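Take a look at the structure set out below.
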Amino acid sequence: MKKSFLLLITLVLLTVHSCRKQESNITPDISVKPDPASLDQYIREKLESQGQFLWAWATDEQVWTALANADFVLSVGYRPVGVANAEDHLHELNIQSPIWKAARQSLLDLILASERRLNPALTEASLFAFAENDVLPVFDVFIKNPATISLIRQSALIRYAEPIGYEPFKTQVAERSDSGCGYNIPATDLTSADYTTITPACKQSWNHPFHKITEGWTNSPNAGAGITVAIIDTGCDSDQENLGSSFNQGLSTGRTVTKLVTLPQATNFWGQPVGSPETPNDLCGHGTSMQGACLAPRGTDGTSVGIAYKANLVSIRAAADVYLDESRESVGVANAFTTAGNNASVRIISMSMGRLTSSSQISDAVKYAHGKGKLIFCAAGTSFSWSSWFVGVIFPATMAEAVAVTGIQDNLSSACNTCHTGSKVDFVLVMEKASNDRHPLTLADYSDSPATVGGSSVSTASTAGIAALVWSKYPAWTRDQVLNRLKTSANYYPSRNGSFGWGRINAQLATQ
């Protein structure tokens, strides 16, 4: 009887083992993509009800759907067992310590073993989609086996495991492929109502009086001198000499411009490089326009002047366009924030780009830079035709560590035609004429004739410029002191408006 019972147990165990072995030998067909419609609907519901979408809310199946409909790149944030709330002190971590290195390696071993069930010849090196960030506990790997997702999401070593190359509504290709690009050309219809000519010989944008910029210059004649602003965007156009050889001209002298690139080179399905390595040069135009609004020189060549015209610039090309819907763009932005965070001269970071879904890898980097004492401004969002009716403030402007900025019209009561609003907005900037939709002046990609630029983008870069005026007046102040002065000068203070936050900053009051 006892022998029969043991034989029965043995047969059951062998059967279970055989079934499991057969299941593990089943190779998923990754050429067949799951339909993303239900995932997109779920994301939209969360955006409407929660004001954000976190991948932690998604099921394993939804994560796989996102991976399969993008580029199979999974962002994996790790931690040693027993380490909690690492996100609260990322700027203090040493991920090269033995305990952190061991956690990383254990996860990689788990991933490699699972992925080898599909490809036994796979090596650890071939897992990686991008070079690792050297200060954040995160890596990005190709996942081709759906079973891997469940394994690693259940691990005690995981902080997060998220697709970073997926954004919803992929059918809207026309508006997604080059978002915000190609419009930064010289305006041919400017009139005297659009600017004031000021010394030595440049144009001051029509919207500056709404924020008392001229009076702010009087109170803070340093006009940003000694303050370095890092602008994370699509780069700096090499044909715009006012951000190059003519950066120091007229009343803008003794300052520096640094041009960097953190956007990884494009790769194919197998992770092999495609095309040429990326450079700091702006191929979109958006980054150049942001830099112009914030700190273009007060010069002699007749173009537009930036608000902080004596500030230093660090231009970081982190994305191809303003909608961060590629894995490499998320990685580029994360690397840009840690780069700026580790630059001791940088005090202000401005980014006029974003995405609908949250990215913990970008979130890590924003928190890292914030932990380093940086004052971070992010655009609240500028709508596509298909998102304007259900999307509020976009990521990463939704983060507590970011100051969210949007734009309003010159009637002082209406948001701009495409600007996002909501309770997470902190400040607004006047940047659109209600009568003719005219937007503020900025530097064009080339020439000394100004361009115009709108949306929450220019609002963000301009507000960063005002912050530089304040900080150059009070260089010993902390980030929180500068931010508090911006708040107390705004028109709704001490209350907050439900759509416009503290409201319009008064540069004259802020620089007193």
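Position 1 is the first residue of the sequence; numbering continues from there. Given the structure is predicted, the values throughout are model-derived calculations rather than measurements.
Using modelled atom types, one side-chain atom of Lys259 and one backbone atom of Leu243 make a donor-acceptor pair closer than 3.5 Å. Between the Ser360 side chain and the Ser363 main chain, no donor and acceptor come within less than 3.5 Å of each other. Between the side chain of Arg255 and the main chain of Ala311, a donor-acceptor pair closer than 3.5 Å is present. The closest donor-acceptor contact from the side chain of Asp40 to the backbone of Pro168 lies at 3.5 Å or more, if one exists at all. In this structure a side-chain-to-backbone donor-acceptor pair under 3.5 Å is missing from Arg79 to Ala86. Judged by distance alone, the side chain of Asn145 and the main-chain N or O of Leu118 form no donor-acceptor pair under 3.5 Å. Checked by atom type and distance alone, the side chain of Arg317 pairs as donor or acceptor with a backbone atom of Asn281 at under 3.5 Å. Although no hydrogens or angles enter the test, the distance criterion places a donor-acceptor pair under 3.5 Å between the side chain of Ser459 and the main chain of Gly455. Within the 3.5 Å criterion, the main-chain N or O of Ala293 finds a donor-acceptor partner in the side chain of Thr442. Between the Gln62 side chain and the Thr59 main chain, a donor and an acceptor come within less than 3.5 Å of each other.
Evaluation of the side chain to side chain contact (heavy atoms under 4.5 Å, CB included) rule for Phe130 yields Val73, Asp140, Pro264, Ser327, Arg328, Val331 as partners, not counting sequence neighbours. In terms of the side-chain hydrogen bond (donor to acceptor under 3.5 Å, both in side chains) criterion, Gln50 has no residue partners (sequence neighbours excluded). Residues that satisfy the side-chain hydrogen bond (donor to acceptor under 3.5 Å, both in side chains) test with Asp445, not counting sequence neighbours, are Asn184. Applying the side chain to side chain contact (heavy atoms under 4.5 Å, CB included) test to Asn484 and every residue at least two apart in sequence or in another chain returns Thr488. Residues meeting the ring pair (Phe, Tyr, Trp, His ring centres under 6.0 Å) test with Trp57, sequence neighbours left out: none. Taking Asp60 as the reference, Arg153 meet the salt bridge (charged side-chain N to carboxylate O under 4.0 Å, His left out) condition, with sequence neighbours excluded. Applying the disulfide bond (SG atoms under 2.5 Å apart) test to Cys419 and every residue at least two apart in sequence or in another chain returns Cys416. Shown here are the side-chain hydrogen bond (donor to acceptor under 3.5 Å, both in side chains) partners of Ser38, two or more places apart in sequence or in another chain: there are none. With sequence neighbours excluded, the residues satisfying side-chain hydrogen bond (donor to acceptor under 3.5 Å, both in side chains) with Thr357 are Glu167, Arg355. Considering only residues two or more places apart in sequence or on other chains, Val135 meets the side chain to side chain contact (heavy atoms under 4.5 Å, CB included) condition with Asn133, Thr338, Asn342, Tyr368.
The structure places CH2 of Trp471 at 11.0 Å from CH2 of Trp477, a figure rounded to the nearest 0.5 Å. The structure places OH of Tyr166 at 15.5 Å from CD of Glu326, a figure rounded to the nearest 0.5 Å. Atom CD of residue Glu241 and atom OG of residue Ser238 lie 12.0 Å apart, to the nearest 0.5 angstrom. Atom OG of Ser330 is separated from atom CG of Asp325 by 8.5 Å, given to the nearest 0.5 angstrom. Here CG of Asp233 is found 8.5 Å from OG1 of Thr288. Values are rounded to the nearest 0.5 Å.
Between the side chains of Asn242 and Gln240, at least one donor N or O sits under 3.5 Å from an acceptor N or O. Defined by atom type and a distance below 3.5 Å, a donor-acceptor pair is present between the side-chain atoms of Ser126 and Thr123. Between the side chains of Thr267 and Gln272, no donor-acceptor pair is found at a separation under 3.5 Å. In summary, the side chains of Asn312 and Thr228 do present a donor paired with an acceptor at a separation below 3.5 Å, with no hydrogens or angles considered. Defined by atom type and a distance below 3.5 Å, a donor-acceptor pair is missing between the side-chain atoms of Gln265 and Ser276. Judged purely by distance below 3.5 Å, without hydrogens or angles, the side chains of Glu115 and Thr148 pair a donor atom with an acceptor atom. For the 3.5 Å distance criterion, the side chains of Ser456 and His420 fail to qualify, holding no donor opposite an acceptor. Side-chain N/O atoms of Gln52 and Thr398 include no donor and acceptor closer than 3.5 Å. Defined by atom type and a distance below 3.5 Å, a donor-acceptor pair is present between the side-chain atoms of His286 and Ser457.
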Go through the steps to decide whether Ile349 and Phe337 satisfy the test side chain to side chain contact (heavy atoms under 4.5 Å, CB included), and finish with yes or no. CA-CA 8 Å; Ile349 302 174; Phe337 271 105; 3.6 Å; yes
Between Val405 and Val428, is a side chain to side chain contact (heavy atoms under 4.5 Å, CB included) present by the stated rule, with each step listed? CA-CA 5 Å; Val405 187; Val428 296; 6.0 Å; no
Are Val314 and Val257 close enough, and set up right, to give a side chain to side chain contact (heavy atoms under 4.5 Å, CB included), and what steps lead you there? CA-CA 6 Å; Val314 174; Val257 55; over 6 Å; no
For the pair Glu329 and Leu263, evaluate side chain to side chain contact (heavy atoms under 4.5 Å, CB included) and give the outcome as yes or no after the intermediate values. CA-CA 6 Å; Glu329 290 179 320; Leu263 176 65; 4.1 Å; yes
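The side-chain contact (heavy atoms from CB on, under 4.5 Å) test with Cys181 singles out one residue from Val322, Asp321, Asp282, and that residue is Asp321.
With respect to Arg159 and Glu87, a salt bridge is recorded, a charged nitrogen being found less than 4.0 Å from a carboxylate O.
Residues Ala161 and Leu74 come closest through the heavy atom pair C-CD1, 3.8 Å. The shortest heavy-atom contact between Gly224 and Ala308 is CA-CB, 4.4 Å.
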Name the atoms and distances for all side-chain donor-acceptor pairs under 3.5 Å in residues 370-381, with sequence neighbours left out.
unit_1, atom_1, unit_2, atom_2, d
Lys374, NZ, Asn343, O, 2.9
Lys374, NZ, Val346, O, 2.6

Atom pairs and distances, side-chain donor-acceptor, residues 99-111, under 3.5 Å, sequence neighbours left out:
unit_1, atom_1, unit_2, atom_2, d
Arg104, NE, Glu132, OE1, 3.0
Arg104, NE, Glu132, OE2, 3.3
Arg104, NH2, Glu132, OE2, 2.7
Gln105, NE2, Asp109, OD1, 2.9
Gln105, NE2, Glu124, OE1, 2.9
Ser106, OG, Ala102, O, 3.0

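Looking only at side-chain heavy atoms (C-beta outward), Val393 and Val425 come within less than 4.5 Å of each other. Val138 has its side chain within reach of Tyr160: a pair of non-hydrogen atoms, C-beta onward, lies under 4.5 Å apart. Residues Leu295 and Ile307 have side chains not in contact (no heavy-atom distance under 4.5 Å, counting atoms from C-beta outward). Side-chain contact between Thr256 and Phe247 is absent, with no heavy-atom pair separated by less than 4.5 Å.
Remark: Lys46 is not positioned above the aromatic ring of Phe53, lacking an NZ or CZ atom under 6.0 angstrom from the ring centre and at most 45 degrees off the axis.
Aromatic ring pairs are classed by plane angle as parallel below 30°, tilted from 30° to 60° and perpendicular above 60°; the pair Phe72 and Trp64 is tilted.
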